Structure formats: structure tokens, C-alpha cells
S.K.: 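Right, I'll just put the structure down here and ask away after.
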2 protein chains.
Amino acid sequence: MADSRASDGDSDDMVPAPRRRARVRPEERYAEFVRTAVELFSEEGFEAGTRELAQRLGVTQPLIYRYFPSKDDLIAAVYREIYENRWKSAWRTGLEDESVPIRTRMLAFYTDYSDTIFTPEWLRIYLFAGLRGVDINRRYAGAVEREVLRPIAAAARRAIGLDPADDLLPEEVELFWTLHGGIFYYGVREIVYGFEMPVDRATMIVNAVDTFLGGATAVLRRIQADHAPAGAGLRPKSG
Amino acid sequence: MADSRASDGDSDDMVPAPRRRARVRPEERYAEFVRTAVELFSEEGFEAGTRELAQRLGVTQPLIYRYFPSKDDLIAAVYREIYENRWKSAWRTGLEDESVPIRTRMLAFYTDYSDTIFTPEWLRIYLFAGLRGVDINRRYAGAVEREVLRPIAAAARRAIGLDPADDLLPEEVELFWTLHGGIFYYGVREIVYGFEMPVDRATMIVNAVDTFLGGATAVLRRIQADHAPAGAGLRPKSG
DNA sequence: CGATTTATTTATCGATCGATAATTTCCGGG
DNA sequence: CCCGGAAATTATCGATCGATAAATAAATCG
């Protein structure tokens, strides 16, 4: 266990030891620091110490401060690594491709999306960040709604014969959030809570999307009708 | 800011001050400590210091250790306070009441359930605990599945004409998890991430449940069919 | 009232944290 | 080969953490 090299300033009575100090190009060091910080913070949260990070890297703790002015800057780099570098613009374009049935589009998206975010690093850091109150989650959820849910909702309108030109109603968007949250929470149970999942991801996604699409038509029509101007021709009264 | 009383052992040059020390019955103190610890930990996580807890209570920090052998024992008391004392056995009995339509039962349950857990204390501590890796979340999710989701799934079977005697298939239970997770995640977005929610809880629940029930019948029948023994006529035999 | 009990405070320890200054070692350019 | 700059280390500071021992003050009981 006590590898002793790159340890803290404890007055160890170890022999001077062959402590070598491999020199690395700055950009490589920086990327290596961020990568290892993602791993460490995803496991232990942002309260994890810079000394443990240094130990995992095989370097001494003050070296971190040559590359990051403060720990908060390191954390900010971790955020960028995960939530900017792993977002795929193809998600939106795929969801907007009207040559493909909406069910196929949704299945393809949620398959790729879950493969991307259902990792300990992504999910745990996302939850840690949310509990810390940083604006990362707000911004990320805004992107999800703008780039994913609203395109899906607009496509669903066309599929069920509603006017796609109308602005999406909050209730409509919210309905797609519940599907999204249901799939997201599958990942939380699997990755964060470590449950044994007796149903594999692909099956879960198919069942969730089919259930949603099977029931969404009627609910979306009801939502639309409830917001339509009263007094018009036939009144699909709400239940 | 520096209220100075109940402060740490810093050599302050303040005057002795009228430091009074109100004496409280032990059980009241204990309950007061747990209550305030729930509040503090839900805001700042379990890394919050015992000194801040003492400050909020208007007592000194070592007094905490007269009532809790260690900080972990205090945390355990916080878990009990939230996840045992706030569970309602009426949830299960209400869900199993077959004199009421399943839709009504589900709406009533999710209305009361969300009122119970959609608080910063409940949700934030739940997420903090999950990230810490304690078994609280495993046990709680097990209770949700046993006391809530499986009763709902069994009721849904009867409602759509499937054999309620058969054991529930994992895929069936998982489907109800997606609905549950979708509603749960609404609370996370509202309470933990602090989003402005343009759709109120009751409307979200009605739409989510109606969408689910509208699409679940076909999917549940498909699940059942896929697990039925091939070649037989109509055999609702359990696998 | 005085004696006893105990809730509460004062004072402090050892460990750990983020961060900085000073020193040493590595490496490329002349 | 040596020299200058930068990478990496050693050493350390001040703050904060959980926890403990000893002193003090409030309630209880005779």
C-alpha cells in the first residue's frame, strides 16, 4: 500500500529512494490532471482532496497548483470535460430527420444518449454538481429541453396531426420530460445506486418509448384542446 | 455576523458576555439536534461541520458528542428521521383497494407521495446518501418496488385482463419504474435544481399517469406474449 | 439551605485541507 | 558542455475538521 513516492510532507524515515520525476509536456499534464480529477471527483465528490488526486497521478500535491490557480478552477475544467465535450450535435439533427418515423428516431436517440451518460463519471458528477448548486445543471437541462425535448415534441405534433406551427405548450414539453426523467432514473439506479438491473437498457428504452407514444397521443390532444380558444366548433371537453 | 456566543475556542478578546446556557430535557435536545441536522445536511451535505450545526442550535460543538457517539451516528439518526418516519403504510393499502379504479388509485398515490418527498430535505438527503454509497437508497428503492410498484403492476394486470396470479415479470416491474422515475425527476428538477416549473404538480401527475396507462396496455400484453411458451395456443402459463 | 447529578462550556489535540514560497531537478539551445 | 528557464519537489502556513478531557453551571433531591 504505502508506495511512499509522491507522498505528503510527512517526515518519513524511508531512504531518499530513487524518487524520479518524469517530466511531461504541459498540455499532456493538464489533460491528465483533468482526466484523473474526473475519475476522483466522480467517486468521492468534490470534497476529495488535492493530495489524493496527486497520489493517483504519481506527482506531488503542489504541482496541481501550477496548472490550476485554485481547486475551483480544476472543478470548472472537470465540468467542461464532461458536459461540453461529450454533447453530440448529431442528437438534434437525428431527432429532426423527418424521413424517419418518430419512434425510430426516439429509440436511436435514447440508445446513444444513454450509452453516453450512463457512466459513473457522467451521472455521479452531474448529481454532485446539482447538489452543490452550481448552474451547470440548469444550463445542461436547458440544452436538453431546447436541443432534444422540444424537437421531439414538435415531431410528435406532426405525427399525430396537430398543427406543428403553434408554439409548444409548457404542458407538452413537460410530458416529454417525464419520459426523459424515467429513462434518466434508470441510469441512476443502475450506475449510482448499483442495482442489479434485470432488464437491459435496450429493452427498457423500447418499452418506455412505446408506452409513451401509445399514450401520448390522447393526452397531447387533450392538452391542445384545453388550451384552444373556447367556443370553437367541437369541444373535446377535458375529463 | 460574529454573534460570538457558542463560538469555537478561539481566544477572543470579547468580554465574558452574558453567556447563558439554557438547560433542556435530553429527549428534546436529541430531537432538536436531529431536526436541525436534517436541515443542515440537506443544504450542505454530510460534509457540513459539527460546528455549524452547533451554531444553528445555539450550543457549543462538543455538546453534540454527548448525544451522538460520533458524526456517523448523527447521520444515521438523520436517515431514520427521513426514510422511516415519513413512510406511510396507507400508500400500499390505498393502491391495493380494488374498489377504486386503478387510475384514481395511482393519481391519489402520486399526489400524496410527491407532497411527502418533494421537499429539499427529503430529496437532497436522498441524493447525498445515494452518492455516498450507503445502503439507504438500496433499501428504500426495494421498499418502493415491493410496497408500491408491484401492487400497482398487479392491479394493472387485472385491469387489462391478464392473469393476476402469475408472477410479475421483471420487464413489467421495470415499466412502472420508468413512470415512477419520471415523476421523481420532476421533483428533482423543481426542488434540487431549482427550476421554474411552468406546469404544476397535479397537472404533471395526471398527464404522466394518463400517458402511461394509455400506452401500457399494449406494451404489457407484448411483454406477456414474449415470455409465454412458444407453440402453445393461448397459455397464460408463467415462465 | 447544601450536596449530588448532569447538562453545558472551555480548552485543546491530532489530522487534514487548500494554498504558497523556496528549492531542486530536468531539458533544450547556445 | 554549460546555462537558463521551466517542471517538479520539499517544506510549511493558517484554517478547519472530528473528537476528547477537564472545568463550570444549572437542575434535582435531601
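Computed from a prediction, not measured in an experiment: that's the story for all the values here.
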S.K.: Let's see if you can work this out: which of D:dA8, C:dA19, C:dT8 has an atom nearest to the side-chain heavy atoms of A:T60?
M.R.: D:dA8
S.K.: Any side-chain N or O of B:R29 less than 4.0 Å from the OP1 or OP2 oxygen of C:dT8?
M.R.: yes
S.K.: Once ring-ring contact (aromatic ring centres under 6.0 Å, His included) is applied, do any residues pair with A:F128, and if so which ones, sequence neighbours excluded?
M.R.: none
S.K.: Which pairs count as salt bridge (charged side-chain N to carboxylate O under 4.0 Å, His left out) when at least one residue sits in residues 108-118 of chain A, sequence neighbours excluded?
M.R.: A:K88-A:D112, A:D115-A:R201
S.K.: Any donor and acceptor pair, going by atom type alone, linking the side chain of B:S114 with main-chain N or O of B:T111 inside 3.5 Å?
M.R.: yes
S.K.: The criterion is side-chain contact (heavy atoms from CB on, under 4.5 Å); which residues satisfy it with A:D200, sequence neighbours excluded?
M.R.: A:A202, A:T203
S.K.: Can you run down the side-chain hydrogen bond (donor to acceptor under 3.5 Å, both in side chains) pairs that involve residues 168-178 of chain B, sequence neighbours left out, and say none if there aren't any?
M.R.: A:R189-B:E174, A:N207-B:E171, B:E145-B:W177, B:R157-B:E172
S.K.: List for me each residue that meets salt bridge (Lys or Arg N to Asp or Glu O under 4.0 Å) alongside A:E44, sequence neighbours excluded, and say none if there are none.
M.R.: A:R56
S.K.: Does B:Y30 have any ring-ring contact (aromatic ring centres under 6.0 Å, His included) partners at least two apart in sequence or in another chain, and if so, which?
M.R.: B:F68
S.K.: C:dT9, D:dA7, C:dG18: which one has an atom nearest the side-chain heavy atoms of A:Y67?
M.R.: D:dA7
S.K.: Considering only side-chain heavy atoms of A:P62, which listed nucleotide, C:dT8, D:dG18, D:dT10, is closest?
M.R.: D:dT10
S.K.: Under the ring-ring contact (aromatic ring centres under 6.0 Å, His included) test, which residues partner A:Y140, sequence neighbours left out?
M.R.: A:Y83, A:W87, A:W122, A:Y126
S.K.: Identify each atom pair where a protein N or O and an N or O of nucleotides 3-6 of chain D are less than 3.5 Å apart, giving names and distance.
M.R.:
residue : atom : partner : partner atom : Å
D:dA6   : N3   : A:R23   : NH2          : 2.7

S.K.: Between C:dT9, C:dA19, D:dG18, which nucleotide has the shortest distance from any of its atoms to the side chain of B:T50?
M.R.: D:dG18
S.K.: Heavy atoms within less than 4.0 Å of DNA chain C: which residues of residues 35-43 of chain B have one? Give them sorted by number.
M.R.: none
